Visitor: 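Sharing a structure with you now.
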There are 2 protein chains.
Amino acid sequence: MASIKDVAAEAGVSVATVSRALNGHPSVSPAARARVLAAVDTLGYRPNAVARSLRTDQTRTLGLVISDVMNPYFTELARSVEEEARALGYSVIIGNADERPDLQDHHVTTLLDRRIDGLLVSPTDGGSPRMLDAARAGTPMVFVDRWIPGVDVPVVRSDGRAAVRDLVAHLHGLGHRRLAIIAGPAATTTGRERVDAFREALAAYGLPLPDAYIGQGDFQAGSGRRVTEGFLDLPEPPEVVFAADNLMALGALDAVRARGLRVPEDIGLAAFDDIPWFVHTDPPVTAIAQPTRDLGRAAVRALVERIAGRAGESVALPARLVVRRSCGEPPPAGSAEQPGEHPAEHPPSPSPVRRSTP
Amino acid sequence: MASIKDVAAEAGVSVATVSRALNGHPSVSPAARARVLAAVDTLGYRPNAVARSLRTDQTRTLGLVISDVMNPYFTELARSVEEEARALGYSVIIGNADERPDLQDHHVTTLLDRRIDGLLVSPTDGGSPRMLDAARAGTPMVFVDRWIPGVDVPVVRSDGRAAVRDLVAHLHGLGHRRLAIIAGPAATTTGRERVDAFREALAAYGLPLPDAYIGQGDFQAGSGRRVTEGFLDLPEPPEVVFAADNLMALGALDAVRARGLRVPEDIGLAAFDDIPWFVHTDPPVTAIAQPTRDLGRAAVRALVERIAGRAGESVALPARLVVRRSCGEPPPAGSAEQPGEHPAEHPPSPSPVRRSTP
DNA sequence: CCTCCTCGTGGAATCGATTACACGGAGGAT
DNA sequence: ATCCTCCGTGTAATCGATTCCACGAGGAGG
């Protein structure tokens with residue numbers, strides 16, 4: 001592979017001139033520039049990014065460590081991150097942690113070894129020493145979706161509180177009173193927050209959230225299945241199960257179906273994270289949709305700010321409820337909502353979206 | 001960030017000794033090694049992969065350019081590729097081409113600029129000049145899923161011919177005669193091959209594949225929708241639509257539902273590529289499953305062989321039919337299959353898998 | 001006791017770029 | 001005519017590793 005020396009020789013100039021010509025430096029004569037460009041063309045020369053990175057101490061690469069690639073939410077996030085990064089002249093290296101702290105650590109380490117310019121992380125746990133060290137040492141870093149309390153790093157996430165309130169209002173309006181949740185791992189902020197939001201929303205309606213109705217999941221389909229089986233075995237099973245992510249909802253659907261039961265007739269189902277497939281499941285699943293694209297974009301922008309040495313602000317974008325059929329038939333469109341159904345303290349957020357088929 | 005010089009100073013040895021100690025070179029005294037290790041520890045030193053790559057001319061990184069990250073088939077492929085690569089001591093940089101040749105070219109270029117050790121590509125088209133040049137120039141390269149005829153590069157893919165025959169047998173057995181296909185882009189091998197296999201299988205039953213029953217898609221949901229609408233507008237619409245990938249099947253489902261029609265009562269649907277969600281759609285979708293994990297593994301192994309300077313063999317693993325309900329109710333398990341249903345020339349391959357819920 | 005290996009170590013070249021600094025020549029000002 | 005400035009260019013240092021080569025010390029063999 002041709003190097004800058006070969007180009008210099010071919011063009012009959014020094015390597016310095018080649019470098020300057022290629023980087024748009026002003027003081028290069030038009031003649032020299034033309035000869036360099038010609039030489040580049042005949043040799044098919046492409047600058048060696050490795051050498052350049054060594055010298056300039058920047059790789060124009062961002063690292064993204066996500067919790068689980070097989071989760072459509074995260075793949076959409078990854079996609080939008082890559083898109084925005086590309087627009088800003090960066091490449092992205094994705095590391096998939098598969099919800100495993102050891103894998104997360106592995107990726108953070110290799111990414112740091114590669115001297116990426118900045119790191120986007122959706123932490124699976126409290127954070128490995130290596131990650132915390134990097135954050136303290138000043139490596140530009142931004143948390144996406146999930147974060148680690150007490151670490152001074154901007155957080156880009158979506159706020160689901162209002163949407164969860166809307167969901168509970170919706171369920172309550174449908175007459176459901178025994179509501180259960182499949183929680184995410186307590187080590188993650190999203191795992192905890194969604195339970196808290198749910199409990200809070202229930203409290204507003206005077207509904208309890210007994211421990212038996214809090215199932216411990218790990219954001220994977222298998223745990224959704226197991227927890228749901230547990231719920232169904234209860235003497236008094238819940239009327240609706242709210243899964244804290246889409247994969248666990250899928251598992252719940254499995255479990256219900258395996259018992260020969262039907263959604264929503266026998267038990268209702270709702271999920272955090274909306275994904276295209278939820279429109280086509282049997283039945284279509286009521287879900288809380290995050291503004292994934294915007295999240296990815298905002299995260300990259302915040303990170304690039306940090307790389308430039310500026311602050312980089314935390315962002316929390318609101319999620320919104322998308323009502324489908326998995327919790328029971330919603331009242332036909334146009335029919336009046338029963339007044340008094342919502343407690344005065346918590347008026348529903350403006351117009352939860354109502355979608356059927358796209 | 002501490003460099004090898006800092007470690008050398010701290011340990012009171014030369015950089016050469018540090019390098020040797022860290023790379024397990026035999027001729028380093030135990031005492032020196034211990035001092036180096038201690039210095040590494042106190043400084044939190046990690047070797048700079050960029051500098052190392054420049055010197056050794058290898059990055060221990062593989063590039064993977066896939067056609068579309070949002071397609072679950074490709075994300076599973078990416079995952080298994082990363083897994084196998086990690087086991088072999090490589091990192092993977094994923095580039096998402098989004099079925100766009102220009103994006104594919106962009107990623108191939110940046111990957112090559114980064115001097116990755118090898119490239120895994122699932123080409124969206126006939127191949128950009130840059131990619132073909134790289135292949136000719138001897139960059140270790142392997143095609144996955146799709147390939148480019150006439151280029152001397154190993155291909156790792158799955159062979160769907162037998163499964164497509166099984167599918168047609170299944171449809172024919174259900175009494176369907178008017179079968180249509182939503183094809184992938186003609187620029188891709190998978191786009192062409194699946195149509196050919198389908199046509200061939202139909203021919204074995206004396207069934208035609210009129211041009212009106214071949215819809216041109218692009219492996220994205222939108223095209224599946226459009227093509228299906230076209231089919232439904234036909235004076236004599238097909239009884240079953242076979243989508244050449246899972247996204248187009250999703251689009252077809254949309255289109256059918258938008259007309260207020262039902263699957264399989266009004267029209268049947270089958271898809272190439274099986275994905276977890278097909279179990280949960282309404283109805284569950286009959287699909288042809290590829291051994292995605294094995295494909296990813298085989299591809300990485302072939303590529304690593306090439307990097308080592310060896311041949312690296314092409315692989316074609318068989319896909320298999322998974323029957324669900326989207327083409328009509330399969331005969332109840334245990335009931336005799338109607339003899340004479342299958343033409344003698346093409347006995348069905350051994351036992352297509354029959355699955356309901358996992 | 002001298003010579004020759006072997007072993008551990010350090011010095012320095014090297015990979016391919018960027019960039020500070022020096023230098024020569026042209027042109028303008030005095 | 002002389003001097004200064006500015007422009008285009010080249011030389012060489014540098015980034016952080018790896019690795020060839022040389023060197024000194026110590027041990028073995030004659």
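Proteins come first, then strands; the chains are lettered A, B, ... in the order of their sequence lines, and each starts at number 1. Quick caveat, the model's predicted, so the values are computed rather than measured.
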Visitor: Measure from the side-chain heavy atoms of A:I4 and tell me the nearest of C:dT18, D:dT19, D:dG8.
Guide: C:dT18

Visitor: Go through the side-chain N and O atoms of A:S122 and A:S67 and say whether any donor and acceptor fall under 3.5 Å apart.
Guide: yes

Visitor: Nearest to the side chain of A:R52 - C:dA20, C:dA17, C:dA12?
Guide: C:dA17

Visitor: From C:dA17, C:dG8, C:dT18, pick the nucleotide closest to the side chain of B:S29?
Guide: C:dG8

Visitor: For the pair made of CG in B:D57 and C1' in C:dG16, what is the distance, rounded to whole Å?
Guide: 10 Å

Visitor: Find out whether B:T59 and B:R114 are in side-chain contact, i.e. whether some heavy atom of one side chain is under 4.5 Å from a heavy atom of the other.
Guide: no

Visitor: Nearest of C:dA13, D:dC15, C:dG8 to any side-chain atom of B:R55?
Guide: C:dA13

Visitor: Just compare C:dT18, D:dG10, D:dA17 and give me whichever is closest to any side-chain atom of A:V15.
Guide: C:dT18

Visitor: Quick one: A:R35 CZ to D:dG8 P, roughly how many Å, whole number?
Guide: 15 Å

Visitor: Let's see if you can work this out: which of D:dG10, C:dG10, D:dA17 has an atom nearest to the side-chain heavy atoms of B:V13?
Guide: C:dG10

Visitor: Could you work out which one of C:dA17, D:dG16, D:dT11 sits closest to the side chain of B:S3?
Guide: D:dG16

Visitor: Rounded to whole angstroms, how far apart are CZ on A:R60 and C1' on C:dT18?
Guide: 15 Å

Visitor: Do the side chain of A:R20 and the base of D:dG10 come within less than 3.5 angstrom through a donor-acceptor pair of N or O atoms?
Guide: yes

Visitor: For B:L54 and B:A32, find the nucleotide of DNA chain C closest to each by heavy atoms; which residue's nucleotide sits nearer the 5' end?
Guide: B:A32

Visitor: Under 3.5 Å, is there an N or O donor on one side and an acceptor on the other linking the side chain of B:R115 and the base of C:dG16?
Guide: no

Visitor: Describe the nucleic acid contact of B:N23 in one word from base, sugar-phosphate, nothing, applying a heavy-atom distance below 4.0 Å.
Guide: sugar-phosphate

Visitor: Over all strands shown, is B:V28 touching base, sugar-phosphate only, or nothing at heavy-atom distances under 4.0 angstrom?
Guide: sugar-phosphate

Visitor: Among C:dT14, C:dT18, D:dT9, which nucleotide sits nearest the side chain of A:T17?
Guide: D:dT9

Visitor: Under the criterion side chain to side chain donor-acceptor pair (under 3.5 Å), I'd like the reasoning laid out for B:R115 against B:S53: C-alpha separation, chi angles, the key distance, then a yes or no.
Guide: CA-CA 9 Å; B:R115 300 300 191 266; B:S53 293; over 6 Å; no

Visitor: Between A:Y73 and A:D145, do the side chains contain an N or O donor and an N or O acceptor separated by less than 3.5 Å?
Guide: yes

Visitor: Please determine whether a side-chain nitrogen or oxygen atom of B:K5 lies at a distance below 4.0 Å from atom OP1 or OP2 of D:dC15.
Guide: yes

Visitor: May I have the distance from A:D113 (atom CG) to D:dA17 (atom P), rounded to whole angstrom?
Guide: 10 Å

Visitor: Take A:T56 and B:A51, find for each the nucleotide of DNA chain C with the closest heavy atom, and name the residue whose nucleotide sits nearer the 5' end.
Guide: B:A51

Visitor: So, does B:S19 get its side chain near the phosphate of D:dT18, meaning an N or O under 4.0 Å from OP1 or OP2?
Guide: yes

Visitor: Hey, is B:D133 close enough to B:R130 for a salt bridge, meaning N to O under 4.0 Å?
Guide: no

Visitor: Give the nucleotide from the list D:dT18, D:dA17, C:dG8 with an atom nearest to the side chain of B:N48.
Guide: D:dA17

Visitor: Is there a donor-acceptor contact under 3.5 Å linking the side chains of A:Q104 and A:T124?
Guide: yes

